[in-house]
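This report refers to the structure that appears directly beneath it.
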Amino acid sequence: MNRITQLFNIQYPIIQGGMIWHSGWKLASAVSNNGGLGLIGSASMYPDILRENIQKCKAATDKPFGVNIALLYPNIEEIINIILEEGVKIVFTSAGNPKTYTETLKKEGIKVAHVVASAKFAAKCQDAGVDAVVAEGFEAGGHNGREETTTLCLIPNVKKHIDIPLIAAGGIGLGSQMKAAMILGADGVQIGSRFAATAEASSHDNFKNKIVELKEGDTQLTLKELAPVRLIKNKFYHDLESLYESGRNIEALKETLGRARAKLGMFEGDLTEGELEIGQVSALIDEILPVEKVFENLIREFNEAKVDLTL
C-alpha cells in the first residue's frame, strides 16, 4: 500500500489516462478490474454518451473508477451534474483552473486530482485543495505543457513543491519506467499510450495498428500557438508544418485544424487526414494486448527492474 492505492482504494498505483476517443467504459472497467484506476475520458463524449458510459462502467466493475474532465469545455456544468447524479467518486481534471470545481466536487465526497505540466501549477493545485497532482512530462501524447519539461526533470521538481500524493505521467509504458518515476518521487503513475494500444480501447483498429508501427521520432509536439499537442507525423501533421514555413498565421492553423480531426483520425481510423495523438513511448509498444496482459507485464517488469546500484 502507498498513498495512491490508499487514496483511491486500488491494488496498484497505476492510473489509466482518460484519453479522448480511447477511454470508454470497456477500457476503464478493464483497468479497474485488474487492480488499477480506470478513467472514462469525457472530453470526446456528449453528455448523454458520458452518462451511458458511467452506467455501463458501474455494471462492468465493482472496483473504483473515475472520470477525466477538461475544465475549459463549454458544457462543463452539464458534465459536472452528470458526475454528481451518477455518484462518481473520483474525478481527474485538466485544462483549466482547479479552483473552479474542486470544492464543489469534494463537498460531495469525490476525490479530485488535477493534471499539470509544471511545479508552479502543481503548488496552485495543492492550494486549491486537490487530493493528488498528475505531473505530465512533454513526452506524453495529446495536449501538453508549453514548457516542454521532460518527466525526468518534472517529477523531482514537483515533489519539492507539494506534500500531497504525486502521480507521474508522460513516457511511461513499461514497469521499469514506472519504478524509475517512483524513485524520482512519484507515488504512482498515469499511463496513456500503452492502454491506447489495447483490445479494450474504443479507438479504431487502424489507429491501434499504427501505434505499434511507430519508431523513435515519429511523433512531434506542434500547434503551440493554439494548444500544444503531440501528433504522429502523418499528412495532416505535415499540412500544419507547411503553414509554419509560410509564417505563423493562427487563423490559417485554425482553419486547417477544423473540427472533429481527432475523431476522424483516432475513432474513425483515417490515418491520412485525421489528428493522431500518441506519446513518445509508442516507440516501445510493439503489439496490441488485452488490458490483463498489460498489467501482467507492468508488474513483472516493475519487480524485475534492478535498482541496487552502487558508486
Side-chain angles (χ1 to χ4, degrees), residues 1-8 10-19 22 27 30-32 34-39 113 115 117 132-142 144-145 148-160 165-201 208 211-219 230 278-311:
M1 295 288 287
N2 71 4
R3 294 202 294 173
I4 290 300
T5 57
Q6 290 175 336
L7 177 64
F8 298 126
I10 55 179
Q11 183 178 1
Y12 304 115
I14 299 172
I15 291 91
Q16 161 248 313
M19 305 165 285
H22 301 289
L27 178 57
V31 170
S32 292
N34 279 279
L37 178 65
L39 296 179
V115 182
V133 164
V134 180
E136 184 178 78
F138 100 119
E139 300 97 323
N144 222 307
E148 298 190 22
T149 306
T150 66
T151 302
L152 188 70
C153 296
L154 180 63
I155 297 307
N157 196 24
V158 170
K159 183 69 174 179
K160 291 193 304 183
L166 171 59
I167 301 163
I172 301 169
L174 303 175
S176 56
Q177 293 169 313
M178 177 180 168
K179 179 168 280 190
M182 295 177 76
I183 290 171
L184 290 172
D187 298 288
V189 296
Q190 178 173 287
I191 295 175
S193 298
R194 176 59 272 188
F195 285 122
T198 57
E200 293 89 344
K208 295 179 187 181
I211 293 172
V212 302
E213 295 174 0
L214 297 176
K215 307 300 181 186
E216 291 177 354
D218 284 346
T219 71
R230 181 172 296 282
I278 204 71
Q280 287 183 332
V281 76
S282 56
L284 294 171
I285 299 171
D286 55 14
E287 59 182 329
I288 300 165
L289 297 172
V291 166
E292 182 178 12
K293 184 63 175 178
V294 170
F295 267 84
E296 180 183 315
N297 290 345
L298 286 171
I299 303 309
R300 174 180 51 78
E301 292 160 355
F302 181 92
N303 290 327
E304 289 177 353
K306 302 300 182 184
V307 293
D308 56 347
L309 302 177
T310 56
L311 294 177

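- Formation of a donor-acceptor pair under 3.5 Å by the Gln11 side chain with backbone atoms of Gly35 is not found in this model.
- A distance-only check finds a donor-acceptor pair linking the side chain of Gln177 to the backbone of Gly171 [under 3.5 Å].
- Every residue meeting the side chain to side chain contact (heavy atoms under 4.5 Å, CB included) condition with Thr151, not counting sequence neighbours, appears here in chain and number order: Glu139, Ile155.
- Judged as a side-chain hydrogen bond (donor to acceptor under 3.5 Å, both in side chains), and not counting sequence neighbours, the contacts of Arg230 are Thr219.
- Here salt bridge (charged side-chain N to carboxylate O under 4.0 Å, His left out) pairs that include residues 167-185, with residues two or more places apart or in two chains, number zero.
- Closest heavy-atom contact between Gly188 and Ile4: N-CG1, 4.0 Å.
- Checked against salt bridge (Lys or Arg N to Asp or Glu O under 4.0 Å), Glu148 has the following partners two or more places apart in sequence or in another chain: Lys224.
- Residues Pro13 and Met178 are in side-chain contact: their nearest non-hydrogen atoms beyond the backbone lie under 4.5 Å apart.
- By the side-chain hydrogen bond (donor to acceptor under 3.5 Å, both in side chains) test, Asn157 is found to be paired with no residue, residues two or more places apart in sequence or in another chain being considered.
- With sequence neighbours excluded, the residues satisfying side chain to side chain contact (heavy atoms under 4.5 Å, CB included) with Lys159 are Arg3, Leu166, Asp187.
- In this structure Thr149 satisfies the side chain to side chain contact (heavy atoms under 4.5 Å, CB included) test together with Glu147, Cys153, Leu154, sequence neighbours excluded.
- Residues meeting the side-chain hydrogen bond (donor to acceptor under 3.5 Å, both in side chains) test with Glu136, sequence neighbours left out: none.
- Between Gly145 and Ala117, the shortest heavy-atom distance links the atoms CA-CB, 3.6 Å.
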Check: residues 290-299 side-chain donor-acceptor pairs under 3.5 Å, at least two apart:
{"residue": "Lys293", "atom": "NZ", "partner": "Glu296", "partner atom": "OE2", "Å": "3.0"}
{"residue": "Asn297", "atom": "OD1", "partner": "Arg300", "partner atom": "NH2", "Å": "3.3"}

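- Residues in residues 165-187 take part in no ring-ring contact (aromatic ring centres under 6.0 Å, His included) pair, two or more places apart or across chains.
- A pairwise comparison of heavy atoms in Gly173 and Val281 identifies N-CG2, 3.7 Å as the closest pair.
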Task: Test side-chain contact (heavy atoms from CB on, under 4.5 Å) applied to Tyr12 and Thr5, step by step - done: CA-CA 6 Å; Tyr12 304 115; Thr5 57; 5.5 Å; no
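- Heavy-atom minimum distance, Lys208 versus Ala196: CG-O, 3.7 Å.
- Here CG of Asp286 is found 8.0 Å from NZ of Lys215. Values are rounded to the nearest 0.5 Å.
- Contact annotation: the side chain of Ile14 approaches that of Phe195 to within less than 4.5 Å [non-hydrogen atoms, C-beta and beyond].
- Here the side chains of Leu289 and Arg194 are in contact, with some heavy-atom distance below 4.5 Å.
- Interatomic distance, Met182 CE to Ile172 CD1, rounded to the nearest 0.5 Å: 10.0 Å.
- The heavy-atom pair separating Ser32 from Gly38 by the smallest distance is OG-N, 3.0 Å.
- Atom CD1 of Ile211 and atom CD1 of Ile285 lie 6.5 Å apart (nearest 0.5 Å).
- Between His22 and Leu27, the shortest heavy-atom contact is O-CD2, 3.6 Å.
- Between the CD1 atom in Ile167 and the CG atom in Leu37 there is a gap of 8.0 Å [rounded to 0.5 Å].
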